[in-house]
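A quick write-up on the structure given underneath.
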Amino acid sequence: MSRYEPSQSEQKWQAAWEAAGVFTARRDPARPKYYVLEMFPYPSGRIHMGHVRNYTMGDVVARYKMSCGFSVLHPMGWDAFGMPAENAAMERGGHPKDWTYSNIADMRAQMKPLGLSIDWSREFATCDPEYYGQQQAMFLDMLEAGLVYRKNAVVNWDPVDMTVLANEQVEDGRGWRSGALVERKELTQWFFKISDYAGELLAALDGLKDWPEKVRLMQANWIGQSRGLQFSFDTVDAPEGFGKIEVYTTRPDTLMGASFVGISPDHPLAKVLEAANPEMAEFIAQCRKGGTTEEAIETAEKIGLDTGIRVKHPLDPAWELPVWIANFILMDYGTGAIFGCPAHDQRDFEFATKYALPINPVFVAEGAEEARLSEAFVPMKSETLRYIRGFAGTEVQTGDEGVASAITVAETQGWGTGVTKYRLRDWGLSRQRYWGCPIPVVHCATCGVVPEKKENLPIRLPDDVTFDKPGNPLDRHPTWRDCTCPACGAPARRETDTMDTFVDSSWYYARFTAPHATTPTVAEDAEYWMNVDQYIGGIEHAILHLLYSRFFARAMAKTGHLPAKAIEPFDALFTQGMVTHEIYKTTDGNGRPVWHLPEEVDLETGTLKATGEKVEIIPSAKMSKSKKNVVDPMNIIAQFGADTARWFVMSDSPPERDVEWTASGAEAACKHLTRVWNLCDRIASLPDDLPPREDEALLRAMHRAIADVTFSIENFAFNKAIAKLYEFTNTLAKSDASKPVRQQAMRTLAQLMAPMVPHLAEDVWAHQGGEGLVVRAPWPKADPAMLVEDTVTLPIQINGKRRSEVTVPKDMPASEVEKLVLADETVIKVLAGGQPKKLIVVPGRIVNVVI
RNA sequence: GCGGGUGUGGCGGAAUGGUAGACGCGACAGACUCAAACUCUGUUUCCGCGAGGAGUGUCGGUUCGAGUCCGACCACCCGCACCA
């Protein structure tokens, strides 16, 4: 063996793995299966360190499970539809398809040198017609099953990207990609009925034991279940058809504190009033405008207008309340109408104060007296209250009890119903974009909306499109758009909306089980491989992607594309942290910041290499092109090899936390791997007739290392696994054991390192006479007998502070230990002839002398 | 505002209620070298020459014993946000 030259040996082993087909996933009923999946990448064209970290984690798991005898599925694909391809076409010309496929080729070429254990024969891109055609087939099945529908909806319109955005794609009133202020626009849109599953998606979160608590909580909040009362107010002087106003409240116990009824500016009644009354029309127009401007979002002032309509209080027909239109009431939550109880709701309080409406407390804190309020009194529902204007339950009760009894009273008296509502809205999937999966329906003047026939799938995107005008090229592509009605054969128009790319990523995990099938899935394959045993990805997908996937798996099960056991497709989820880096900044003549790449900076002096100018070092943040704090994985691989990059991203921080990339850390990783290489060389050239010295000690350390590394990998504590490997390497390097024992230890070290640094591990394995490839070698097992020590050193504490220690046989009885402790020099000194108050011996652990 | 998380050396981070700081980085010292780099060996929480003392964001509590459990507070980070 010679110098550590990763560039040569890494290629060699990658070729060897490929030749042996070690990563080809096979359905093998004789073996347990393990499906490990990392969130597939968007083909931007360049891999970044975040990818390296994500895929290395998956690779460690996959390789480890392979060694443990599992039949492993570890696939890779591309989330290939989406706006960047179109944006690139608009900015630079060219076609989104060419841009995408060439990016995929580039990225694949960058990923391969990492030596990941991926079954590349299963690779696909979501923009392959073979993939999206199957997606269209499922869409038709879901349409038939009533899981998809069309409705007129006010949507978020991004005026820059010229597209509809989902609520969750709007951040602070701006489009998440363009940053443009979002406008409201009414369009007919396609929706998945995810709201039908709201309760189930919420309840099933409890079963996802191996998901991070944080993600489950975020989803639970997003689904947003609430229990409340729905009832109607009878109106006075309302327009035709509005004899009642239906409201929903989670605090029916505050009904006696009502001082007005509020309706949304988008409420049907508001629309009628708008048409009839110019003053109202003007007010409503103001509300609509207000909803989207930045100023309104920041100040969020509550405005309202009295409609002149009155309603009768359900508990006292003589009591009339005014009906106001108010800008803070949302049409798409509850019924779009509320009753306002200013005493116990801060929004209502502000509103009532502004418009001089009465503020009547319903309850006070237990033991308190009624007093003038300066803000709304909104106690936790679990708090005990004294009701001074209650109508249900006892005078003193908790808020929860008050709500429950109010619902019971309303139901008993027949004027209201207890209902459960969810914040979760249906999933709008229509996008007015070209580069997405076409929605396979046709609009016919006589037949209406007609599903495309399955034998006509896939409905392919046309290639001859241009992006010189804003908007959807499909809309202005007559030969593609114009078609015949599948039902009556008359001329018709193809749907020009394409699907949200979240649809593409909502089932790719299932497609990987039968990636080339002519149906969306194949029952036997799905049955064997599903579920994903370990899913790994970023926390940024905690809500949308994961919630949509959970819904989609249910929809696929309902339409026969997945077995019932796969409705929760991801058994275990791990969310990894980001890779961060320091930011280097200088300022130009105009005071504007100028960012510099890490390689342009001399860290010793904190200056620019080129000019010697001082740079400001800003603490680490996520690597981003705009701040130039990026390290290109390809440069690292070229300089140090893939194993170094893999070792580093796994070593420094717990995987769920961010890891900071530092040049010194990367060098240290490389140095260590070189040390391992040299150690291997040194051991191989030892004389064969060394006397057996400390053989037992080295073997014990080896079994300790096996146990610790295995435990750490099983628990996703890769940084700790690596710490143990450092420790064991140091022990081995200092050992005087005989050659065969050191060789055995070296081979074991290779096996334990193999999931993280597979190429180096193969080299070491081969060099130490290991049989075959280390990737195929069974994972070593720790011998429990080698893990127990004969003697144990017990720390002696005096009043809880460590003062001394005593070494005793492992299972010495406590009474014997006590004698030894009392004979300890330090203890004798401290006791000064007296007796300890108490002597605590925790066998095998610690001794505490209390004086 | 609501919900969640985090806080340990110069830095990244270890510690089933039982020796705080594993392992790594950095720093320092020594060996090798004409010299430097590389490499190797050692030291490295703080105060103190030392004996010793202090120490896990702050204050309190439980315990023989608290980084870990409980209560209050502070700081930072993340998610949601007019959801009735």
Side-chain angles (χ1 to χ4, degrees), chain A residues 168 172 212-222 224-226 228-230 247-252 254 262 264 291 296-297 300-302 326-341 344-348 350-351 378 380 421-425 539-540 542-543 580 620 647-648 651-654 656-669 671-672 674-675 678 708 712 717 719-730 733-734 793-805 836-842 844-851:
Chain A
E168 42 287 9
D172 294 333
E213 188 58 42
K214 180 185 170 74
V215 173
R216 292 192 285 168
L217 199 82
M218 282 164 75
Q219 291 213 352
N221 289 341
W222 188 264
Q225 189 181 61
S226 70
L229 179 73
Q230 191 158 324
V247 299
Y248 172 72
T249 176
T250 56
R251 290 309 297 258
T254 65
S264 164
I297 287 155
E301 201 191 338
K302 293 176 180 35
N327 66 337
F328 64 92
I329 299 165
L330 306 172
M331 189 55 222
D332 49 5
Y333 186 80
T335 60
I338 60 151
F339 73 81
C341 175
H344 303 298
D345 182 291
Q346 190 56 33
R347 292 158 305 183
D348 297 346
E350 287 168 30
F351 192 78
V378 190
M380 303 268 285
K421 288 208 186 286
Y422 299 93
R423 207 186 75 117
L424 183 70
R425 319 283 160 74
I539 187 76
E540 66 272 22
I543 297 174
T580 64
S620 271
W647 184 260
F648 180 84
S651 66
D652 258 20
S653 296
E656 67 277 11
R657 247 191 265 181
D658 294 351
V659 65
E660 179 172 348
W661 183 277
T662 59
S664 56
E667 276 164 30
K671 276 182 202 170
H672 177 73
T674 307
R675 264 196 297 273
N678 293 337
D708 288 348
S712 298
N719 58 324
K720 284 185 246 173
I722 283 183
K724 296 295 176 191
L725 287 168
Y726 269 109
E727 222 172 287
F728 181 48
T729 307
N730 291 338
K734 286 178 184 141
T793 302
L794 298 178
I796 300 177
Q797 293 184 334
I798 293 168
N799 288 343
K801 288 278 175 197
R802 181 185 177 281
R803 283 298 132 89
S804 184
E805 61 183 33
K837 274 195 202 145
K838 213 169 172 182
L839 190 54
I840 292 141
V841 178
V842 184
R845 276 285 180 194
I846 203 165
V847 180
N848 195 9
V849 185
V850 185
I851 56 167

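Labels below follow one simple rule: chain letters A, B, ... track the order of the sequence lines, proteins then strands, and each chain is numbered from 1.
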Please state the [atom1] separation for the pair [N] and [M] - nearest whole angstrom.
N	M	atom1	result
B:rC32	B:rA14	P	39 Å
B:rC64	B:rA22	C1'	27 Å
B:rA20	B:rU39	P	34 Å
B:rG55	B:rG65	P	15 Å

Exercise. Is the A:Trp222 to A:Tyr422 ring centre distance short of 6.0 Å?
Worked result: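 No.
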Exercise. Expressed in angstrom and rounded to an integer, what is the separation of A:Lys837 atom NZ from B:rU63 atom C1'?
Worked result: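 Those two atoms, NZ and C1', are 15 Å apart.
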Exercise. Is the Lys NZ or Arg CZ of A:Lys302 less than 6.0 Å from the centre of A:Phe328's six-membered ring, within 45° of the axis?
Worked result: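 The answer is yes, since A:Lys302 meets both limits relative to A:Phe328.
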Exercise. Are A:Arg251 and A:Asp345 close enough for a salt bridge, meaning some N to O gap below 4.0 Å?
Worked result: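 Looking at A:Arg251 and A:Asp345, the cut-off is not met.
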So, is [X] near the phosphate of [N], with a side-chain N or O under 4.0 Å from OP1 or OP2?
X	N	answer
A:Arg802	B:rG18	no
A:Arg423	B:rA81	yes
A:Lys720	B:rA15	yes
A:Asn719	B:rG24	no
A:Asn678	B:rC40	no

Exercise. Quick one: CG on A:Asn848 to CZ on A:Arg802, what's the gap to the nearest 0.5 Å?
Worked result: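 A:Asn848 CG to A:Arg802 CZ: 13.0 Å, rounded to 0.5 Å.
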Problem set entry | Closest to the A:Val850 side chain, choosing from B:rC64, B:rA14, B:rG42 |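 Nucleotide nearest to A:Val850's side chain: B:rC64.
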Exercise. Between B:rU19, B:rU16, B:rC23, which nucleotide has the shortest distance from any of its atoms to the side chain of A:Arg845?
Worked result: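 Of the candidates, B:rU16 comes closest.
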